[in-house]
Each structure stands twice: as C-alpha cells, then as structure tokens.
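Reading through the structure tokens given below for one structure.
Each chain gets a letter, A, B and so on, in the order its sequence line appears, and its residues count up from 1. Everything quoted here is computed from the prediction, not taken from an experiment.
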Number of protein chains: 2
Amino acid sequence: MTAIKETSTIQENKQYALDICPVTYVMEKIGGYWKPIILYHLSTSDKRYSELKRAIPAITEKMLIQHLKQLENDGLVIREAKPVVPPFVTYSLSNAGNGLIPVINAMAEWAFKEKDGVYGG
Amino acid sequence: MTAIKETSTIQENKQYALDICPVTYVMEKIGGYWKPIILYHLSTSDKRYSELKRAIPAITEKMLIQHLKQLENDGLVIREAKPVVPPFVTYSLSNAGNGLIPVINAMAEWAFKEKDGVYGG
DNA sequence: CATGATACATACTTTAGGGTAAGTACTTGT
DNA sequence: ACAAGTACTTACCCTAAAGTATGTATCATG
C-alpha cells in the first residue's frame, strides 16, 4: 500500500519513507546542517540563547532561533524563559533529546577516529 | 586563532567548525537528506546500483549517483564494477563507512523508541 | 539620551540542493 | 528492427534553505 505519487518530491514521500526506513525518520527531525551541532552543544550542558550563539559562531541568529523552534516543536529541546529583564532563556534537551545523545556521541567518536587515521587515513 | 571571516557562510566556516566540533565534521560527510539513508541500506548488505534504486524508490537517479560518488570520494563506500555487459556495479561500505554503522544503528534505535512512545509520545 | 545586553522577529535576497527529462552504450530477447 | 535492462551523464529549472540586514522591547549604566 502507501503508493508513491507520480509527482514525487521529498516532501510528498516523507510519509512513505518514514514507514520503511527508520533513518529517514531521524533525518526528518535532526537532518540538515545545524541541528546535530546544536544538539551536540546542548548535550554537554544546558545553555542560554546567547551561550549557544557564542558556542557556534558560524551560525546566524535567524538559523539558530529557527532551528531551536523546530527542535522545540519536535519535542527534542525544552525552552525555559524567566520573566526577567533582560530576558533569561535556557535551552535544554528533553527526554527524547537525551535519547539522541548516543547518536551524537557515536558521531563524535567516529570523527575522532577518522581524524586519527584509524580507518586508514 | 583561526579567526572568523566577516563574510561568513557555511562554506567558508567549514574549516573552522571542523576544528571545534566533531559533529560538524561528520555532517560534512553524511549531512543532507539522502546519505544516511543510502548508508543504512548498504549497512545491511552490499548492493548493486539498481538494487539501491529499488530500495529507495523516492530517490531520483541523479541524486543516487551523485551521492554515491560523493560517498566514494569521501572514502565511505567502495564501488566495484565488473567489466561485463550489461554492467554489474556493486557498492559496499569501506572501513570508514563501516565505522559509521554505530551512528546509523543508534539512529534506528532512537526512531523505534520514539515511535513506541518510550520518550513520552 | 544614547549605548549595550538580552532574546528574539521579519522582510528581502541569494544559493545550493533537489527534481525533470532526455540521452548514451552495449547486449539480449522477440 | 525495436524494446528492455544495465549504469550512468548532462542540461535545464525550481524551490526550499540559508544568508543579510534590519527592527522590537526592556532595563541598567554612563
């Protein structure tokens, strides 16, 4: 069932791919360039918005806030704002977000091995 | 050192980010939508070009071959062509590619848990 | 009264990734 | 002679993602 449409774009096939490939399911949530990087920085410790900004200098504010919102909507990070001024907003990993730490760690481990030429550099 | 340029794009900051964040390093190689999916299918068994095509119906031939080439250039997959006709080309994971299996598996595991509501669905 | 710090929002433009469609070369089958 | 299967290649187009550049609100400080 779940036939493929003739006019097939990534968007339209997402539902299909989701059923058949778990990795695709993950890519829907943390795919793209910045999200895993943000999650990595949150995995070491909760961080304020400005701390994340400083931790990832290459990211623009638009990208940062945009992805934080998406991660929040997807239930991976939790946003907590203290009603003070100047604002004090903290981002942390949710339960589901913590579940991704093994993925992030596996990535980091691979990166270090690759750099060290373990795989034949 | 390694100061950030004023005109900062992802491209220009890749070198910088690579030094500071291992996850970024991984994303350079397997970032994007299709690559992890391709690696996932190759992790279960070596496959011919046409087998991959059938395994990932949503992907176009252009994307498939393009990402396979990049993965080959990045030393993650190995292409073996038998000089017969019709062509017989097999793709398999390299040493470094096999090193990514824990990442892929961690992703798959998370996806199943998330679907099962383990994290509070 | 202007500046800085906080955490955003929003309009506009550019670019890169992805999609469509067609073609190539060689052989087997009808 | 023509279609089908193999593994691609190439040219063109379109859209979604990313970048640029502003603006907002509030208070503290000089």
Side-chain angles (χ1 to χ4, degrees), chain A residues 4-14 16-17 24 27-38 46-73 77-92, chain B residues 4-14 16-17 24 27-38 46-73 77-92:
Chain A
I4 294 188
K5 286 184 173 179
E6 297 83 3
T7 52
S8 69
T9 64
I10 289 182
Q11 312 307 325
E12 286 165 354
N13 279 297
K14 279 188 175 179
Y16 168 81
T24 300
M27 293 315 286
E28 304 300 335
K29 303 235 171 182
I30 64 163
Y33 187 82
W34 295 114
K35 281 180 187 169
I37 298 170
I38 293 173
D46 301 0
K47 284 191 176 57
R48 294 180 64 176
Y49 175 82
S50 51
E51 288 179 305
L52 280 171
K53 237 175 60 183
R54 274 188 290 273
I56 318 172
I59 201 172
T60 63
E61 290 200 69
K62 186 193 159 202
M63 285 297 101
L64 181 53
I65 196 71
Q66 182 178 304
H67 286 122
L68 283 171
K69 298 266 171 210
Q70 288 175 15
L71 289 168
E72 195 193 352
N73 279 334
V77 314
I78 296 167
R79 194 191 96 112
E80 277 167 303
K82 285 180 187 162
V84 296
V85 62
F88 194 99
V89 180
T90 309
Y91 290 92
S92 58
Chain B
I4 293 187
K5 287 185 174 178
E6 295 84 5
T7 53
S8 68
T9 64
I10 290 183
Q11 312 306 325
E12 287 166 355
N13 280 297
K14 278 188 175 179
Y16 169 82
T24 300
M27 293 315 286
E28 304 300 336
K29 304 236 171 180
I30 65 163
Y33 187 82
W34 296 113
K35 281 179 187 171
I37 297 170
I38 293 172
D46 301 359
K47 284 192 176 58
R48 295 181 62 177
Y49 175 82
S50 52
E51 287 179 304
L52 280 170
K53 237 174 60 184
R54 274 188 291 272
I56 318 172
I59 201 171
T60 62
E61 290 201 68
K62 185 194 157 199
M63 285 295 102
L64 180 53
I65 196 71
Q66 180 178 304
H67 287 122
L68 283 172
K69 298 268 171 208
Q70 289 174 15
L71 289 169
E72 196 193 352
N73 279 334
V77 314
I78 295 167
R79 195 191 95 112
E80 279 167 302
K82 284 180 188 161
V84 296
V85 61
F88 194 99
V89 180
T90 309
Y91 290 92
S92 58

Just to be sure I follow the notation: if a pair is Watson-Crick (purine N1 to pyrimidine N3 plus N6-O4 or O6-N4) or a G-U wobble (N1-O2 and O6-N3), each under 3.5 Å, what dot-bracket string does DNA chain C give, with | for pairs to another strand?
|||||.||||||||||||||||||.|||||
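The side chain of A:H67 places an N or O atom within less than 4.0 Å of a non-bridging phosphate oxygen (OP1 or OP2) of D:dA18. Phosphate contact (OP1/OP2 of D:dC8, side-chain N/O of B:R79, threshold under 4.0 Å): present. Neither OP1 nor OP2 of C:dA16 sits under 4.0 Å from any side-chain N or O of B:Y33.
As a whole-Å value, the separation of B:L64 CG from D:dT9 C1' is 14 Å. If you take CE of A:M63 and P of C:dT15, they are 15 Å apart, rounded to a whole angstrom. Rounded to an integer number of Å, the gap from A:I59 CD1 to C:dC8 P is 13 Å. Rounded to whole Å, the distance from NZ on A:K82 to C1' on D:dC27 is 17 Å. Taking atom NZ on B:K53 and atom C1' on D:dC8, their separation rounds to 10 Å, with Å as the unit. For B:Q66 and C:dT20, the CD to P distance is 14 Å, given to the nearest whole Å. Nucleotide C:dT6 holds its P atom 19 Å from the CD atom of A:E80, rounded to whole Å. A straight line from CD1 of B:I65 to C1' of C:dG18 spans 16 Å, rounded to a whole angstrom.
Taken from NZ in B:K82 to OG1 in B:T90, the straight-line distance is 5.5 Å, to the nearest 0.5 Å. Atom CD1 of residue B:I37 and atom CE of residue A:M27 lie 7.0 Å apart, to the nearest 0.5 angstrom.
In this structure, B:K69 reaches the sugar-phosphate backbone alone: every heavy-atom distance under 4.0 Å involves primed, P, OP1 or OP2 atoms, never a base.
Taking all atoms of both residues into account, the shortest heavy-atom contact from A:E61 to A:Y49 is OE1-OH, 2.9 Å. In plain terms, the two heavy atoms of B:P87 and B:R48 that are nearest each other are O-NH2, 3.2 Å. Minimum heavy-atom separation, A:E28 to B:Y33: OE2-OH, 2.8 Å. Closest approach of B:A81 and B:V89 over heavy atoms only: CB-CG2, 4.0 Å.
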Contact pattern, 5' to 3', of nucleotides 21-30 of chain C - B, S or - by protein heavy atom under 4.0 Å:
-----BS---
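Listed nucleotides C:dT6, C:dA7, D:dC8 differ in distance to A:R54; the shortest reach to its side chain belongs to C:dT6. Side-chain proximity of A:T60 to D:dT20, C:dG19, D:dT9: nearest is D:dT20.
The closest side-chain heavy-atom distance from A:R79 to A:V77 is not below 4.5 Å.
Between the side chains of B:Y91 and B:E51, no donor-acceptor pair is found at a separation under 3.5 Å.
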Donor-acceptor contacts, no H, no angles, side chain residues 62-70 of chain A, under 3.5 Å, sequence neighbours left out:
{"unit_1": "A:H67", "atom_1": "ND1", "unit_2": "A:M63", "atom_2": "O", "d": "3.0"}
{"unit_1": "A:Q70", "atom_1": "OE1", "unit_2": "A:K35", "atom_2": "NZ", "d": "2.8"}

